2 protein chains.
Amino acid sequence: MQGQNISDIIEEYLKRILADTHQIEIKRSEIAQLFNCVPSQINYVINTRFTIQNGYIVRSKRGGGGYIRIAKVNLVSDADVLDELIAVIGDDINSAQAFQIIQSLFEDGVLTRKEANLVLAAMDQRTLAFEDKRIENTVRARILISILNRLKYDD
Amino acid sequence: MQGQNISDIIEEYLKRILADTHQIEIKRSEIAQLFNCVPSQINYVINTRFTIQNGYIVRSKRGGGGYIRIAKVNLVSDADVLDELIAVIGDDINSAQAFQIIQSLFEDGVLTRKEANLVLAAMDQRTLAFEDKRIENTVRARILISILNRLKYDD
DNA sequence: ATAATAATAGTCAACATTAGTCAAAAAGTT
DNA sequence: AACTTTTTGACTAATGTTGACTATTATTAT
């Protein structure tokens with residue numbers, strides 16, 4: 001019952017395919033035409049919904065026969081991906097990005113739903129609301145990295 | 001029977017729908033138009049009448065296709081106990097006290113071992129690492145309260 | 001080989017479309 | 001009168017859409 005905008009619809013379309021195949025290769029202009037939007041909207045969808053935080057790796061090629069390839073990756077089982085993720089987090093991370101990472105961990109089965117919800121509660125915007133936004137994002141990054149480390153070494 | 005002000009009427013309208021469906025998704029401007037009030041009045045109604053204390057959680061999205069989603073949640077049986085804990089915590093709590101609370105919740109079976117460890121990782125001294133101890137304890141209190149609030153309902 | 005041309009995808013900023021915040025004004029209560 | 005709650009609207013923030021311009025790669029012509 002959600003998703004009245006084109007971006008959500010394109011996202012859903014791509015993820016439905018990815019549920020089966022783990023990887024897809026598209027032509028930007030074809031997808032744009034299919035959904036009756038400008039080609040750059042495909043970039044917007046990819047940049048907001050198919051990031052490494054979401055558990056996706058995207059590669060593309062321009063020129064004749066160009067393509068955009070989207071692959072679903074498993075976050076914690078793949079050490080390289082995890083390192084990349086930690087690098088992306090760096091010293092600060094906002095609420096939306098943290099949410100995406102936790103959701104990815106849930107989808108990969110690393111966290112149960114309840115575990116994910118508790119972690120999200122700890123990092124929520126309202127929870128960490130500081131005078132200074134930068135401090136909020138810094139603390140969130142520290143919490144998230146602490147959680148990821150905890151998950152690495154397991155109980 | 002409530003008073004006749006607009007806020008009460010909007011509240012009643014939304015809660016009547018929620019009695020059937022468990023969750024609704026509205027467009028702020030549409031509801032405002034329906035009741036002939038300014039959009040921000042919808043925020044007022046939500047903030048005063050659809051809080052977690054009342055058993056509701058609210059999520060929203062801005063931009064094209066934006067929405068406000070209100071869900072009725074089932075409060076768990078020990079929700080009032082959690083409320084008491086929240087009252088005791090107040091504005092700040094140190095690391096040791098927080099540990100004791102989490103341990104109690106583990107012993108009572110409210111949290112699994114893994115859940116408890118994740119929560120502790122989020123609130124750990126090294127994780128929060130503030131220069132000012134008072135600020136650290138304030139942040140820890142906010143995190144712990146947020147988690148306790150989350151524990152008041154399932155999924 | 002090299003240069004020109006065609007065929008792709010990427011970037012960025014302006015504009016559009018929502019919801020959120022905050023504080024003053026108005027209305028209601030005690 | 002003093003205090004609380006509700007109403008209002010100007011301003012802010014977040015998200016989505018569009019198109020002109022740029023960058024890269026492949027193909028074709030010289």
Side-chain angles (χ1 to χ4, degrees), chain A residues 1-14 24-51 53-54 56-71 93-100 124-134 136-137, chain B residues 1-14 24-51 54 56-71:
Chain A
M1 230 218 214
Q2 73 166 314
Q4 298 293 342
N5 62 68
I6 299 176
S7 292
D8 286 340
I9 294 169
I10 297 173
E11 173 192 7
E12 205 179 325
Y13 170 82
L14 295 174
I24 48 173
E25 200 171 291
I26 61 173
K27 280 207 170 308
R28 188 178 75 152
S29 56
E30 283 180 4
I31 300 297
Q33 202 161 26
L34 183 59
F35 290 99
N36 208 40
C37 65
V38 295
S40 61
Q41 178 126 25
I42 309 306
N43 296 91
Y44 177 75
V45 172
I46 285 171
N47 290 331
T48 54
R49 293 151 165 85
F50 291 89
T51 64
Q53 291 96 327
N54 284 305
Y56 296 92
I57 288 179
V58 178
R59 279 173 51 204
S60 63
K61 202 166 103 176
R62 307 185 193 186
Y67 58 81
I68 299 175
R69 186 183 306 152
I70 307 174
I93 186 170
N94 66 36
S95 193
Q97 288 183 316
F99 177 83
Q100 291 179 343
D124 190 84
Q125 216 170 4
R126 291 175 199 278
T127 304
L128 296 181
F130 284 99
E131 349 64 49
D132 188 343
K133 201 82 174 179
R134 287 167 305 178
E136 174 189 321
N137 290 342
Chain B
M1 295 298 127
Q2 297 277 25
Q4 292 303 321
N5 63 65
I6 299 176
S7 290
D8 287 339
I9 294 170
I10 296 173
E11 173 191 8
E12 204 178 326
Y13 170 82
L14 294 174
I24 48 173
E25 200 172 291
I26 61 172
K27 282 208 170 304
R28 189 178 73 151
S29 57
E30 282 180 5
I31 300 298
Q33 201 160 27
L34 184 59
F35 290 98
N36 208 41
C37 64
V38 296
S40 60
Q41 178 126 23
I42 308 305
N43 296 91
Y44 177 75
V45 172
I46 284 171
N47 291 331
T48 54
R49 293 151 164 85
F50 291 88
T51 64
N54 289 313
Y56 297 92
I57 54 175
V58 178
R59 277 180 55 202
S60 64
K61 197 167 123 181
R62 308 185 194 185
Y67 57 81
I68 298 176
R69 186 184 308 153
I70 307 173

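Excluded from the calculations below are hydrogen atoms, water molecules and symmetry mates; all remaining heavy atoms, backbone and side chain alike, are included. Only a predicted model underlies this, so the values are computations on that prediction, with no experimental measurement involved. Here is how names work: the chains are called A, B, and so on, in the same order as the sequence lines, proteins then strands, and each is numbered from 1.
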For this session: Name the nucleic acid region contacted by B:R59, choosing base, sugar-phosphate or nothing; use a 4.0 angstrom heavy-atom cut-off, strictly under.
Result: nothing
Exercise. Donor-acceptor pair under 3.5 Å: do we get one between A:S40's side chain and the base of D:dG19?
Worked result: yes
For this session: Go through D:dT8, D:dT25, D:dT6 for me and flag the one nearest to the A:R62 side chain.
Result: D:dT25
For this session: Only one of A:I42, A:I70, A:I68 passes side chain to side chain contact (heavy atoms under 4.5 Å, CB included) with A:L14; say which it is.
Result: A:I70
Seminar exercise, completed: Rounded to whole Å, CD1 of A:I46 lies from P of C:dC12 at a distance of 16 Å
Exercise. B:Q33 CD to D:dT8 C1': how many Å, rounded?
Worked result: 17 Å
Problem set entry | A:K61 side-chain N/O to D:dA26 phosphate OP1/OP2 under 4.0 Å | yes
For this session: Just do the side-chain contact (heavy atoms from CB on, under 4.5 Å) check on A:N43 and A:R28 with the steps written out, would you?
Result: CA-CA 8 Å; A:N43 296 91; A:R28 188 178 75 152; 2.6 Å; yes
Exercise. Between atom CG of B:D8 and atom OG1 of B:T48, what is the distance when rounded to the nearest 0.5 Å?
Worked result: 8.5 Å
Exercise. Atom CD1 of A:I42 and atom P of C:dT11: how far apart are they, to the nearest Å?
Worked result: 15 Å
Seminar exercise, completed: A:Q100 atom CD is separated from D:dT15 atom C1', nearest whole Å, by 13 Å
For this session: For the side chain of A:R28, starting at C-beta, report the closest nucleotide among C:dG10, D:dT5, D:dT18.
Result: C:dG10
Exercise. Where the side chain of A:N43 is concerned, which of D:dG9, C:dT11, C:dG20 is the nearest nucleotide?
Worked result: C:dT11
Problem set entry | Interatomic distance, B:F35 CZ vs D:dT6 C1' [rounded to whole Å] | 16 Å
Seminar exercise, completed: Among D:dA14, D:dT6, C:dG10, the one nearest any side-chain atom of A:S60 is C:dG10
Problem set entry | Distance in angstrom units between B:Y44 OH and C:dG28 P, rounded | 13 Å
Exercise. Choosing from C:dG20, D:dG9, C:dG10, which nucleotide comes nearest the side chain of B:I68?
Worked result: C:dG20
Problem set entry | OP1 or OP2 of D:dT15 under 4.0 Å from side-chain N/O of A:T48 | no
Seminar exercise, completed: In whole angstroms, the gap separating P of D:dG16 from CG of A:N47 amounts to 12 Å
For this session: Applying side-chain contact (heavy atoms from CB on, under 4.5 Å), run through B:F35 and B:Q41 and close with a yes or a no.
Result: CA-CA 10 Å; B:F35 290 98; B:Q41 178 126 23; over 6 Å; no
Problem set entry | Residue A:V38, side-chain heavy atoms: nucleotide from C:dT8, D:dG19, C:dA19 that is nearest | D:dG19
Problem set entry | A:S7 side-chain N/O to D:dT17 phosphate OP1/OP2 under 4.0 Å | yes
Exercise. What is the nucleic acid contact for A:R69, judged by heavy atoms within less than 4.0 Å: base, sugar-phosphate only, or nothing?
Worked result: nothing
Problem set entry | Sugar-phosphate, base or nothing in reach of A:G63, heavy atoms under 4.0 Å | base
Problem set entry | Heavy atoms of other groups near B:N47 CG, more than 12 under 6.0 Å | yes
Exercise. Could you state the CD1-P distance from A:I31 to C:dT8, rounded to the nearest angstrom?
Worked result: 14 Å
For this session: From the options C:dA9, D:dT8, D:dG16, select the nucleotide whose nearest atom is closest to the side chain of A:D8.
Result: D:dG16
Exercise. Taking for each residue the nucleotide of DNA chain D with the nearest heavy atom, is it A:Q41 or A:G65 whose nucleotide lies nearer the 5' end?
Worked result: A:Q41
Problem set entry | Which residue lies more 5' along DNA chain C, comparing A:V58 with A:G64 via nearest heavy atoms | A:G64
Seminar exercise, completed: Ranking A:I6 and B:N36 by the position along DNA chain D of their nearest nucleotide, the one closer to 5' is B:N36
Exercise. Is the number of heavy atoms from other residues, nucleotides or ligands within 6.0 Å of CD (A:E25) greater than 12?
Worked result: yes
